[in-house]
Amino acid sequence: MPPAPSRDDDASPETGELYSIYLLPTAWRHGLGTALHDHAMTTLAGTFATATLWVLSTNTRARRFYERVGWTPDPRTKIDTVADGRITLEEVRYRFSLRDRS
């Protein structure tokens, strides 16, 4: 997949986005998430100076992972609604400088 620009309305043209990394629980703790992350970040670094990602505020496992690999929480949050408005999901944005990865 080619590097993707950020979909955020406040993003500069130099901001890419890591859309998602999902692994089945049976694949956790084997280094696969880190390998996927590192590959995605190297790809993004070829085009962008900064990357952002959104993660559910309650997904503590993912948030710990992203913080461990160098992402910083950004003050921006958003609420998404699904299931015809019956379910709300709070997401927090993270930011990563790609300048030293290219």
Side-chain angles (χ1 to χ4, degrees):
M1 174 177 267
S6 173
R7 297 171 286 180
D8 296 336
D9 57 5
D10 65 344
S12 75
E14 293 129 10
T15 304
E17 183 174 349
L18 178 60
Y19 288 167
S20 63
I21 296 176
Y22 291 104
L23 294 174
L24 294 172
T26 56
W28 294 350
R29 311 279 307 154
H30 297 286
L32 299 173
T34 301
L36 286 169
H37 173 268
D38 291 349
H39 178 74
M41 300 308 286
T42 298
T43 301
L44 285 165
T47 305
F48 302 105
T50 302
T52 58
L53 67 82
W54 289 94
V55 63
L56 291 173
S57 63
T58 57
N59 190 343
T60 56
R61 182 182 191 90
R63 293 182 71 177
R64 278 194 312 265
F65 170 80
Y66 290 124
E67 290 172 15
R68 189 176 71 248
V69 295
W71 290 84
T72 304
D74 181 286
R76 187 153 177 208
T77 62
K78 67 180 176 180
I79 303 291
D80 287 329
T81 57
V82 295
D84 295 326
R86 294 186 311 258
I87 299 172
T88 59
L89 305 170
E90 181 184 19
E91 294 180 89
V92 294
R93 185 167 69 180
Y94 279 76
R95 187 169 296 277
F96 192 102
S97 174
L98 297 166
R99 295 193 190 277
D100 298 329
R101 291 191 65 93
S102 55

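All figures in this text were calculated on a predicted structure; none of them were measured in a lab.
- Scored by the salt bridge (charged side-chain N to carboxylate O under 4.0 Å, His left out) test, Asp9 finds Arg76 as partners (sequence neighbours excluded).
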Let me have the donor-acceptor pairs involving side chains of residues 49-60, under 3.5 Å, with sequence neighbours excluded, atom names and distances please.
| from | atom 1 | to | atom 2 | distance (Å) |
| --- | --- | --- | --- | --- |
| Trp54 | NE1 | Asp8 | OD1 | 2.9 |
| Trp54 | NE1 | Asp8 | OD2 | 3.4 |
| Ser57 | OG | Glu90 | O | 3.4 |
| Ser57 | OG | Glu90 | OE1 | 3.3 |
| Asn59 | OD1 | Ala62 | N | 3.0 |

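- Residues forming a side-chain hydrogen bond (donor to acceptor under 3.5 Å, both in side chains) with Thr77 (at least two apart in sequence, or on another chain): none.
- Applying the side chain to side chain contact (heavy atoms under 4.5 Å, CB included) rule to Leu36 yields the partners Ile21, Leu23; only residues at least two apart in sequence or on another chain are considered.
- Residues Leu18 and Ala40 share a closest heavy-atom pair of CD1-CB, 3.7 Å.
- For Ala83, the side chain to side chain contact (heavy atoms under 4.5 Å, CB included) criterion is met by Arg86, Ile87, not counting sequence neighbours.
- Among pairs with a residue in residues 26-37, none fulfils salt bridge (charged side-chain N to carboxylate O under 4.0 Å, His left out), at least two apart in sequence or across chains.
- Scored by the side-chain hydrogen bond (donor to acceptor under 3.5 Å, both in side chains) test, Tyr94 finds Arg63, Glu67 as partners (sequence neighbours excluded).
- Trp71 places none of its side-chain heavy atoms less than 4.5 Å from the side chain of Arg93.
- In this structure the side chain of Phe48 reaches within 4.5 angstrom of the side chain of Pro5, judged on heavy atoms.
- For residues 44-55, there are no salt bridge (charged side-chain N to carboxylate O under 4.0 Å, His left out) pairs, not counting sequence neighbours.
- Sequence neighbours left out, the pairs with a member in residues 13-28 that pass salt bridge (charged side-chain N to carboxylate O under 4.0 Å, His left out) are Arg7-Glu17.
- The OG1 atom of Thr15 lies 14.0 Å from the CZ atom of Phe96; values are rounded to the nearest 0.5 Å.
- Transitive grouping of hydrophobic side chains (ILVMFWY, heavy atoms separated by less than 4.5 Å) keeps Val92 and Leu89 in distinct clusters.
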